2 protein chains.
Amino acid sequence: MSVTDQPRRRDAAATREAILRAAIEAFTRAGYDGAGVREVAAAAGVTAMLVNRYFGSKEQLFAEAVDRSFAAPTVVGADPAALPAQLAAALVARTDPASEPLNPYLLMLRSAGNPRAAEIMREAIGRHVGRRLTGLLTGPDAGERAELVLSVIAGVWLMRDVLATPALTGADPGRLKEHLSGVIQALSRPSPDPA
Amino acid sequence: MSVTDQPRRRDAAATREAILRAAIEAFTRAGYDGAGVREVAAAAGVTAMLVNRYFGSKEQLFAEAVDRSFAAPTVVGADPAALPAQLAAALVARTDPASEPLNPYLLMLRSAGNPRAAEIMREAIGRHVGRRLTGLLTGPDAGERAELVLSVIAGVWLMRDVLATPALTGADPGRLKEHLSGVIQALSRPSPDPA
DNA sequence: AAGATAGGTCTACAGTCGTAGACATACCTG
DNA sequence: CAGGTATGTCTACGACTGTAGACCTATCTT
């Protein structure tokens with residue numbers, strides 16, 4: 001790691017934390033299948049076996065990495081009326097290709113191909129993100145509208161960062177924010193007007 | 001494959017087609033990393049080497065599978081005014097877990113983790129889907145709004161089929177269609193009203 | 001019927017993967 | 001200072017991956 005890689009002081013908690021951080025980084029960048037245990041171990045400055053010794057298996061390591069990554073509150077909005085604009089602004093800002101590369105949505109999108117990883121993430125969503133977002137919405141079908149908002153967020157992250165589609169990466173942020181604000185607004189109302 | 005697996009009559013075109021079909025199925029079900037060349041070959045009733053002999057490499061096979069999968073027009077809408085409702089209805093119907101398991105969005109979502117696969121799919125989107133959807137929208141920023149619609153579609157497919165989130169899989173189809181129709185409607189207008 | 005060629009298979013290699021058991025060493029306690 | 005234990009490493013295995021070259025054989029042509 002550092003230039004003078006003196007063997008880190010023996011501290012189980014700190015080492016475990018270093019491995020978990022490295023795992024989040026690796027899984028977010030390369031996905032569940034693309035990240036190897038040896039790679040995670042090397043980034044944490046330890047051996048591959050120590051990873052399994054602390055976390056049991058790659059699958060359990062992934063589960064804990066997902067849980068940690070999803071636990072961090074991505075967007076906090078207090079006023080329900082201002083939520084669409086705030087959410088849209090945050091989404092546009094954070095999906096900027098030059099933005100910070102560590103976030104739960106990238107981890108999710110790049111690991112969705114593996115069935116076991118998908119299960120783990122579904123449970124984590126129900127445990128963290130879904131519940132948090134549902135609380136911000138009002139109405140009887142808040143749960144499903146919250147997951148629709150989640151779908152939109154994930155979809156934008158997919159196209160803009162993972163696939164890096166030209167029209168979205170090069171779009172004007174202000175106009176993009178307007179569009180997305182309208183989309184989220186449409187999902188904020190309990191039931192669409194059957195005019 | 002069949003019970004009496006008599007060695008298929010030697011026909012280069014037919015064999016190539018069988019391999020390509022098997023590849024689309026495998027890549028859609030397991031993603032780029034999850035599907036192996038031997039698995040594809042076995043499903044087509046041939047040897048792994050023949051796959052590479054016809055397609056050069058796994059990567060080129062994937063590129064051709066993506067191109068074929070994306071070329072099939074998923075939703076055809078003629079009337080721009082009715083487009084949101086039609087698109088929403090088709091999306092809700094086709095993302096039903098009991099629906100047909102072969103479609104470009106699943107292929108895309110489950111392969112997005114691999115960087116090379118992501119590049120290939122980005123090009124294929126620009127070549128097929130993006131252009132097709134852009135033609136259905138009007139206004140100066142039709143391109144970026146088309147990709148936002150694509151983002152919504154992909155996001156719903158991700159949550160409803162790949163992750164199989166409970167609130168979306170169990171949601172009432174009619175109400176879901178209403179919500180999504182409103183979302184797409186918001187993206188159909190050239191520029192949101194700065195009221 | 002005999003040869004030519006397109007169509008397919010066999011064997012194998014070099015690499016990576018996740019993981020298990022035995023072994024070594026740094027640190028704390030007496 | 002001596003011992004014990006927590007902490008970390010080494011070696012290795014079996015399975016799987018994509019792919020290359022040599023080889024076989026069914027089919028068509030003459």
Side-chain angles (χ1 to χ4, degrees), chain A residues 1-2 4-23 26-27 29-66 110-111 113-117 120, chain B residues 1-2 4-23 26-27 29-66 110-111 113-117 120:
Chain A
M1 292 274 88
S2 57
T4 64
D5 49 348
Q6 39 190 331
R8 145 200 358 256
R9 188 151 168 62
R10 290 197 166 179
D11 182 342
T15 302
R16 213 190 116 99
E17 179 68 18
I19 294 175
L20 187 54
R21 283 177 188 274
F27 284 137
R29 177 174 38 76
Y32 182 82
D33 285 330
V37 177
R38 286 172 176 82
E39 174 188 349
V40 172
V46 295
T47 316
M49 258 318 290
L50 200 62
V51 175
N52 272 12
R53 225 166 168 67
Y54 273 127
F55 294 89
S57 68
K58 180 185 180 181
E59 188 175 307
Q60 294 177 267
L61 170 65
F62 178 76
E64 207 153 326
V66 165
R110 293 207 239 255
S111 303
N114 187 286
R116 193 70 195 94
I120 292 172
Chain B
M1 289 279 91
S2 57
T4 65
D5 48 350
Q6 39 189 336
R8 150 202 350 258
R9 189 151 169 63
R10 290 194 166 182
D11 182 343
T15 303
R16 215 191 114 98
E17 178 68 19
I19 294 175
L20 188 54
R21 283 177 188 275
F27 284 136
R29 178 173 37 77
Y32 181 82
D33 285 330
V37 178
R38 284 172 176 81
E39 173 189 350
V40 171
V46 295
T47 317
M49 259 318 290
L50 200 61
V51 175
N52 271 13
R53 226 166 165 65
Y54 273 129
F55 294 88
S57 67
K58 180 184 180 181
E59 189 176 305
Q60 294 177 266
L61 170 66
F62 179 75
E64 208 154 326
V66 165
R110 293 206 239 254
S111 303
N114 188 287
R116 193 69 194 94
I120 292 172

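Owing to the predicted nature of the structure, the values given are computational and were not obtained by experimental measurement.
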Requested in this report: Is it possible for you to check whether A:Lys58 lies under 6.0 Å from the centre of the six-membered ring of A:Phe27, through NZ or CZ, and within 45° of that ring's axis?
Outcome: no
Report task. Would you name the heavy atoms of A:Ala41 and A:Val51 that are closest together and state the gap between them? Result -> CB-CG2, 3.8 Å
Report task. Whole angstrom is fine here: how far is it from CZ in B:Phe55 over to C1' in D:dA20? Result -> 19 Å
Requested in this report: For residues A:Tyr32 and A:Ile120, determine if any side-chain heavy atom of one lies less than 4.5 Å from a side-chain heavy atom of the other.
Outcome: no
**Report entry** Nucleotide of C:dT9, D:dT25, D:dT9 approaching B:Arg10 most closely (side-chain heavy atoms)
**Finding:** D:dT25
Query raised in the report: Hey, what do you get for CG (A:Leu20) to OH (A:Tyr54), rounding to the nearest 0.5 Å?
Result: 13.0 Å
Report task. Would you kindly give the CG-to-C1' distance between A:Asp11 and D:dA6, to the nearest whole Å? Result -> 11 Å
**Report entry** Heavy-atom pair of closest approach, residues B:Ala30 and B:Ala35
**Finding:** CB-N, 3.9 Å
Report task. Measure the distance from CZ on B:Arg116 to P on D:dG18 and round it to the nearest whole Å. Result -> 16 Å
**Report entry** Closest heavy-atom pair and its distance - B:Gly31, B:Ser111
**Finding:** CA-OG, 3.5 Å
Query - Minimum-distance pair of heavy atoms, taken over all atoms of B:Ala26 and B:Val40 - result: CB-CG2, 3.8 Å
Report task. Nearest whole angstrom, please: distance from the P of C:dG7 to the CD1 of B:Ile19. Result -> 12 Å
Query raised in the report: Rounded to the Å, how far apart are B:Asn52 CG and C:dG7 P?
Result: 17 Å
Report summary line: Heavy atoms of A:Ala65 and A:Ala23 approach each other most closely as CB-CB, 4.4 Å
Requested in this report: Measure the distance from CG on B:Leu50 to P on C:dA6 and round it to the nearest whole Å.
Outcome: 15 Å
Just the atom pairs and distances: protein N or O near nucleotides 10-17 of chain C's N or O, under 3.5 Å.
| from | atom 1 | to | atom 2 | distance (Å) |
| --- | --- | --- | --- | --- |
| C:dA12 | N6 | B:Arg38 | NH2 | 3.4 |

Query - Rounded distance (Å) that lies between atom P of D:dT19 and atom CD of B:Gln60 - result: 9 Å
Report task. Measure from the side chain of B:Ala12, starting at C-beta and using heavy atoms only, and say which of C:dG7, C:dG8, D:dT19 lies closest. Result -> C:dG7
Report task. Only pairs at least two apart or in different chains count here, so list each salt bridge (Lys or Arg N to Asp or Glu O under 4.0 Å) that has a residue in residues 34-51 of chain A. Result -> A:Arg29-A:Glu39
Using a cut-off of under 3.5 Å, enumerate the N/O to N/O pairs linking the protein to nucleotides 28-30 of chain C.
| from | atom 1 | to | atom 2 | distance (Å) |
| --- | --- | --- | --- | --- |
| C:dC28 | OP1 | A:Arg9 | NH2 | 3.2 |

Query raised in the report: Do any side-chain nitrogens or oxygens of B:Tyr54 fall under 4.0 Å of OP1 or OP2 in C:dG8?
Result: yes
Query raised in the report: Any side-chain N or O of B:Thr15 under 4.0 Å from OP1/OP2 of C:dG8?
Result: yes
**Report entry** Atom pair distance, as rounded to whole Å: CZ in B:Arg53 and C1' in D:dT19
**Finding:** 12 Å
Requested in this report: Report the nucleotide, chosen from D:dT19, D:dG8, C:dG8, that has the shortest atom-to-atom distance to any side-chain atom of B:Ser57.
Outcome: D:dT19
